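Some notes on the structure that comes next.
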Amino acid sequence: MSKIALITGITGQDGAYLADLLIKKDYEIIGLVRSYSNGNIKGLSYLGIKDKVKIVECDLTDLSQVIATIKEYKPDEVYNLAAQSSVSLSFKQPIGTIQFNVVSVLNLLESIRMLDLNCKFYQASSSEVFGNAILPIKETTIINPISPYSISKAAAHWITKNYRESYGIFSCSGFLFNHESFLRSDNFFIKKIILQAIRIKNKQASTLEVGNIDIKRDFGWAPKYVEAMYLMLQQDVPDDYLICSNQSVSLRSIIEYVFEYLNIPLSCLVINMDLFRPTEIPDIYGDNTKAKQTLGWNYDLEFYDVLKILIDEELRNTK
Ligand code: NAP
């Protein structure tokens with residue numbers, strides 16, 4: 001009999017790639033959306049799997065709805081990917097970000113506990129929770145969040161750990177570093193840069209306006225990162241893992257690569273101080289040894305190979 005996976009945040013980048021992976025492994029997929037009316041499933045359509053996912057409406061901030069949904073579908077695995085996921089937006093919407101990102105996790109874990117369900121739980125945590133730390137980040141690095149988003153993800157992680165330790169629930173946090181794909185939302189850095197650069201190339205725009213680009217981040221390839229989520233729930237013992245590429249790259253060098261690839265002069269680049277964030281992590285990269293050794297997660301992509309894939313896929317779809 002097929003296993004049942006319930007994925008929250010099915011309309012996001014990771015939701016689509018994870019559903020694709022699990023469908024190939026013969027899972028039945030229940031994808032939660034906040035509302036049928038704006039249930040944006042273009043990611044599932046892009047991957048050709050929209051008819052293979054059962055879309056269900058559920059407000060994750062309403063415990064009674066979450067209990068009813070978990071009770072009805074009795075998932076073997078829950079992947080909690082739904083979140084207000086933008087650091088920048090979290091400074092503008094701190095209350096909404098913290099309320100949703102924390103209460104949703106609590107409601108899911110509380111439902112699993114109350115229903116006494118034998119169900120494994122994955123929480124989408126983030127490298128952002130470590131703030132300005134000694135590099136490389138490891139699983140033992142102290143959590144020190146410096147944005148409303150990372151505060152919400154830190155709290156969600158502690159809830160996940162607490163339900164594991166207090167109630168024996170198989171719950172894990174994956175601390176994922178930035179990961180990209182064609183399905184990334186338009187408001188995230190690399191996608192935004194590529195889209196605007198293509199507009200400049202096509203003479204639909206003349207400049208690219210950015211904030212602080214002298215920071216460095218650890219970027220990876222989303223379809224490979226969702227494999228790690230799946231692997232975490234296939235272990236005998238629940239634990240938390242960093243999922244990252246082991247190297248960081250400056251945002252400035254990403255822009256330079258994209259501009260050179262598309263033959264755009266650097267004079268089109270405009271730095272806007274108004275776009276700087278109130279607090280910023282200058283550099284961050286992680287150590288993925290534990291994920292590779294314990295989960296058998298194999299990741300060997302170089303960042304610029306990923307960037308080239310992203311530009312080429314965007315160009316193909318723009319045509
Ligand atoms: P994404 O593309 O931004 O998708 C976020 C998902 O959460 C969407 O399905 C969205 O639904 C849902 N969501 C947001 N606010 C909601 C709300 N108030 N009520 C119900 N649903 C809501 O994110 P992603 O890149 O797939 O990332 C998946 C998870 O990993 C997120 O939790 C993110 O914080 C975390 N993460 C991502 C990265 C990364 O680099 N991608 C790195 C670290 C951690 P709608 O379509 O209805 O808006």
Side-chain angles (χ1 to χ4, degrees), residues 6-21 31-47 53 55-62 65-66 69 78-90 93 95-105 107-108 122-130 137 145 147-157 160 173-192 217-226 228-229 232 240-245 281 284-286 306 310:
L6 185 146
I7 303 177
T8 75
I10 191 76
T11 57
Q13 165 188 267
D14 291 2
Y17 283 110
L18 179 65
D20 190 41
L21 175 79
L32 299 195
V33 293
R34 54 174 124 185
S35 153
Y36 285 126
S37 57
N38 64 358
N40 151 30
I41 49 158
K42 70 175 191 316
L44 301 179
S45 302
Y46 184 72
L47 298 180
V53 174
I55 298 292
V56 173
E57 188 178 79
C58 178
D59 176 356
L60 292 171
T61 62
D62 179 344
Q65 285 189 44
V66 179
T69 307
V78 170
Y79 294 87
N80 183 35
L81 310 182
Q84 192 302 92
S85 65
S86 156
V87 177
S88 304
L89 191 60
S90 78
Q93 299 178 358
I95 297 166
T97 301
I98 291 175
Q99 274 175 348
F100 179 78
N101 291 3
V102 176
V103 171
S104 54
V105 183
N107 283 344
L108 284 161
Y122 170 82
Q123 167 58 19
S125 194
S126 164
S127 57
E128 291 283 330
V129 302
F130 298 107
I137 304 283
S147 66
Y149 169 77
S150 54
I151 290 167
S152 74
K153 287 291 183 179
H157 161 64
T160 303
S173 291
F175 296 97
L176 271 62
F177 288 57
N178 296 65
H179 46 283
E180 311 298 313
S181 73
F182 176 71
L183 297 182
R184 190 70 146 138
S185 302
D186 294 359
N187 56 329
F188 285 92
F189 183 78
I190 295 187
K191 179 85 173 179
K192 198 157 67 181
R217 291 288 180 270
D218 178 334
F219 289 100
W221 177 231
K224 285 297 295 178
Y225 279 38
V226 300
M229 302 175 186
M232 276 180 227
D240 307 319
Y241 296 86
L242 294 189
I243 306 300
C244 51
S245 78
I281 302 171
I284 188 167
Y285 62 94
V306 174
L310 293 171

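All ligand and atom numbering here is 1-based and tracks the order in the structure. These figures come from a predicted structure and were not determined experimentally. Heavy atoms only: backbone and side chains are in, while hydrogens, waters and symmetry mates are out.
In terms of polar-atom proximity, N178 is not counted as a contact of ligand 1, lacking any N or O under 3.5 Å from an N or O of the ligand. In terms of polar-atom proximity, N80 is not counted as a contact of ligand 1, lacking any N or O under 3.5 Å from an N or O of the ligand. Residue contacts with ligand 1: G12 is placed with a nitrogen or oxygen under 3.5 Å of a nitrogen or oxygen of the ligand (distance criterion only). Residue-to-ligand polar distances keep A82 apart from ligand 1: every N/O pair is separated by 3.5 Å or more. Residue T11 has at least one nitrogen or oxygen atom sitting less than 3.5 Å from a nitrogen or oxygen atom of ligand 1, judged on distance alone. For ligand 1, one of its N or O atoms has an N or O atom of A83 under 3.5 Å away.
For the pair S245/Y225, a side-chain contact is recorded, criterion being any heavy-atom separation below 4.5 Å from C-beta on. A 4.5 Å side-chain heavy-atom check between S104 and T8 finds every atom pair outside the cut-off. Using a 4.5 Å cut-off on side-chain heavy atoms (C-beta onward), L32 and T69 make contact.
When the heavy atoms of S181, A156, A124 are ranked by distance to atom 30 (O) of ligand 1, first place goes to A124. Between I10, D14, I7, it is D14 that holds the heavy atom closest to atom 24 (P) of ligand 1. Comparing heavy-atom distances from atom 22 (C) of ligand 1 across Q13, E128, R34 singles out R34 as nearest. Heavy-atom proximity to atom 23 (O) of ligand 1, evaluated over S104, G43, S85, is greatest for S85. Checking F188, F175, Y149 against atom 36 (N) of ligand 1, the nearest heavy atom belongs to Y149.
N101 places no side-chain N or O within donor-acceptor distance of the main-chain N or O of A83, the cut-off being under 3.5 Å. Under the 3.5 Å distance criterion, the side-chain polar atoms of Q93 are left unmatched by any main-chain donor or acceptor of Q84. The backbone N or O of Q123 sits nowhere less than 3.5 Å from a side-chain atom of N80 that would complete a donor-acceptor pair.
Listed by number with element, the atoms of ligand 1 under 4.0 angstrom from any heavy atom of Q84 are 14 (C), 15 (N). Remark: ligand 1 atoms within the under-4.0 Å shell around heavy atoms of L81 are 28 (C), 29 (C), 31 (C), 32 (O). Within ligand 1, the atoms closer than 4.0 Å to a non-hydrogen atom of R184 are 25 (O), 39 (C), 40 (O), 41 (N), numbered from 1 in the order shown.
Between K153 and ligand 1 there is a heavy-atom distance shorter than 4.0 Å.
When each of L183, L310, D186 is checked for a side-chain contact (heavy atoms from CB on, under 4.5 Å) with K191, only D186 meets the rule.
Geometrically, R217 does not engage F219 in a cation-pi contact, judged by NZ or CZ lying under 6.0 Å from the ring centre and within 45° of the ring axis.
Side-chain atoms of S125 and H157 include no donor-acceptor pair closer than 3.5 Å.
The OH atom of Y17 sits 6.0 Å away from the OH atom of Y46 when rounded to the nearest 0.5 Å.
Contact annotation for S125 and ligand 1: only backbone heavy atoms (N, CA, C, O) come within less than 4.0 Å of the ligand.
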